[in-house]
Amino acid sequence: MTAVLSDSPKKQTINKSLSSLVCGGLAGLTAKTIVAPLDRIKIIFQVTNEKYSFRNLPKVFNTICKEEGFLALWKGNSATILRIAPYAGIQFMTYDYLKRWFDRTHAASAPHSIDGPVPRTMWVKATELMLCGGIAGAVSSTATYPLDLARSRLAVESHTCPELKRKSNPRLTLRVFRLLGNWATTGGVRELYRGLSPTLIGIIPYGAISFSTNEITKQWVKEWAGRECTTVQKLVCGAVAGIVAQTVVYPLEMIRRRMQTTGHVNRSSYLSEMSRHSTPASTSSSMKTAAASAPPEHSMVTVINQLYRTEGWRAFYKGLSLNWIKGPIAVSISFTTFDFIKNKVERWEQKE
């Protein structure tokens, strides 16, 4: 009997972690699939020297649809789906686990009053949430980074990669792992983690800001309204968290995308090659030649210097306005979907 009682809290912790893992994976998958077209267009601007403006967005959209078909807007989403389910699942699971750990630690060590443990101040709570979000982002990013690398390269290699020559490739998901194997063979394991440094530098503040902002704004709304947040209010809170976090770390995302696609895309003429309606063979040849002759961009410092010299400081924010549309949508859908699914699971467990 004692063993059963002692194992109970541990089993509850495992069940909650698994629940967060599954709910987070489904939430991330839903959000990323919805915003995938905007994400692909943004990545194309990020990895080339093409000037970004809202007026160019319809041109890029129409060119992709005409050259590769409407479903090409989701090109690379197979790698995204492979990555985002474990990424979001690990992120939410780690965040929930750390948040519960802080709650247990506070309950055990904080001074007690008649009503129980003395509540933490808003600043202490915010600091704990930021630590939880930052650590969760770092753990999930490191665990799934090779799949993020594949997603970035698949999004821009429309003609140079043999796996992507067909407009419809139902086996692309399985071939992602073959591509990762090829990159590891030619460039070593380090090739699979190219761009990880700016990713970690960016994801830690991003996770800290997005999770803490979402939690704090929901708490403010709850106190103001005197009830639990509605779905619309949760979406708004998530959107605010997304805007703040995306704006702060966006330059690091630019650097990461450049490092990931070095040698896999022609920086100067990728979009122009698409708009000229070139044949796949000629496009592939020109892009491979340009990529081969381009100066190496392996280190983070080299990428920063080259990006600044060629396009100026504004290049570090190229596509940010598009991210202000895509980011809040994705973050709000992700957080809200997670809360929705998790609440359903908890209610189902209570009935059991």
Side-chain angles (χ1 to χ4, degrees), residues 8-35 81 83-107 116-117 119-120 122 125-126 128-137 139-140 144 206-245 327-352:
S8 181
K10 185 182 293 186
K11 289 181 179 179
Q12 289 178 2
T13 300
I14 293 173
N15 289 338
K16 287 181 179 179
S17 296
L18 291 175
S19 175
S20 298
L21 179 68
V22 174
C23 295
L26 292 173
L29 191 151
T30 302
K32 279 294 185 180
T33 301
I34 290 174
V35 301
I81 291 173
R83 168 187 171 267
I84 200 61
Y87 171 85
I90 293 171
Q91 186 179 40
F92 277 104
M93 180 182 68
T94 305
Y95 176 79
D96 265 9
Y97 177 83
L98 292 173
K99 192 169 73 167
R100 291 196 304 271
W101 182 84
F102 274 114
D103 290 339
R104 290 195 305 269
T105 303
H106 174 74
R120 286 161 287 185
M122 177 62 73
K125 183 69 173 176
E128 291 175 355
L129 292 174
M130 292 181 74
L131 284 172
C132 294
I135 295 172
V139 171
S140 57
T144 61
Y206 177 83
I209 293 169
S210 61
F211 276 96
S212 61
T213 303
N214 180 65
E215 293 277 0
I216 291 171
T217 50
K218 284 195 301 183
Q219 184 63 34
W220 284 345
V221 172
K222 181 180 178 180
E223 293 175 358
W224 171 76
R227 53 171 172 73
E228 292 294 331
C229 295
T230 65
T231 300
V232 174
Q233 289 170 338
K234 288 180 179 180
L235 285 169
V236 172
C237 292
V240 171
I243 290 174
V244 174
I329 293 174
V331 174
S332 61
I333 290 174
S334 179
F335 281 135
T336 306
T337 303
F338 175 78
D339 286 343
F340 176 80
I341 298 175
K342 191 176 181 184
N343 287 337
K344 291 290 185 182
V345 171
E346 288 176 350
R347 289 175 185 174
W348 176 76
E349 288 177 345
Q350 290 174 358
K351 289 180 181 179
E352 292 290 320

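Worth knowing before you read on, the calculation uses all heavy atoms, side chains too, and leaves out hydrogens, waters and symmetry mates.
For residues 227-237, every residue pair satisfying the salt bridge (Lys or Arg N to Asp or Glu O under 4.0 Å) rule, not counting sequence neighbours, is listed here: K222-E228. Legend: salt bridge (Lys or Arg N to Asp or Glu O under 4.0 Å) pairs involving residues 17-26, not counting sequence neighbours: none detected. Sequence neighbours left out, the pairs with a member in residues 330-343 that pass salt bridge (Lys or Arg N to Asp or Glu O under 4.0 Å) are D96-K342, K218-D339.
To the nearest 0.5 Å, atoms SG (C132) and CD (Q91) are separated by 12.0 Å. Distance CE/M93 to CG/L98: 10.0 Å, rounded to 0.5 Å. Atoms OG1 and CZ, from T213 and F335 in turn, are 8.5 Å apart once rounded to the nearest 0.5 Å. Here the CD1-CG distance, from I209 to N214, works out to 13.5 Å after rounding to the nearest 0.5 Å. Rounded to the nearest 0.5 Å, atoms SG (C23) and NZ (K344) are 12.5 Å apart.
The minimum heavy-atom distance linking S334 with A27 is given by the pair O-CB, 3.3 Å. Closest approach of G137 and S140 over heavy atoms only: O-OG, 3.2 Å. Taking both residues in full, the closest heavy atoms of V331 and G242 are given as CG2-CA, 3.8 Å, listed atom of the first, atom of the second, then distance. When all heavy atoms are compared, the tightest approach of G24 to A88 is O-CB, 3.1 Å. Across every non-hydrogen atom of L129 and S212, the tightest pair is CB-CB, 3.8 Å.
Evaluation of the salt bridge (charged side-chain N to carboxylate O under 4.0 Å, His left out) rule for K99 yields E215 as partners, not counting sequence neighbours. Under the ring pair (Phe, Tyr, Trp, His ring centres under 6.0 Å) criterion, Y95 pairs with F211, not counting sequence neighbours. Applying the side chain to side chain contact (heavy atoms under 4.5 Å, CB included) test to A239 and every residue at least two apart in sequence or in another chain returns P328, S332. Applying the side chain to side chain contact (heavy atoms under 4.5 Å, CB included) test to I333 and every residue at least two apart in sequence or in another chain returns T30, A31, I34, I329, T337. Legend: residues meeting side chain to side chain contact (heavy atoms under 4.5 Å, CB included) with V221, ordered by chain and number and at least two apart, are C229, Q233, C237.
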**Request:** Go through the steps to decide whether I90 and V139 satisfy the test side chain to side chain contact (heavy atoms under 4.5 Å, CB included), and finish with yes or no.
**Result:** CA-CA 8 Å; I90 293 171; V139 171; 3.9 Å; yes
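Inter-residue side-chain proximity for T94 and Y97 is flagged as unmet; no heavy-atom pair is nearer than 4.5 Å.
Around atom CZ of F340, no more than 12 heavy atoms belonging to other residues, nucleotides or ligands sit under 6.0 Å away.
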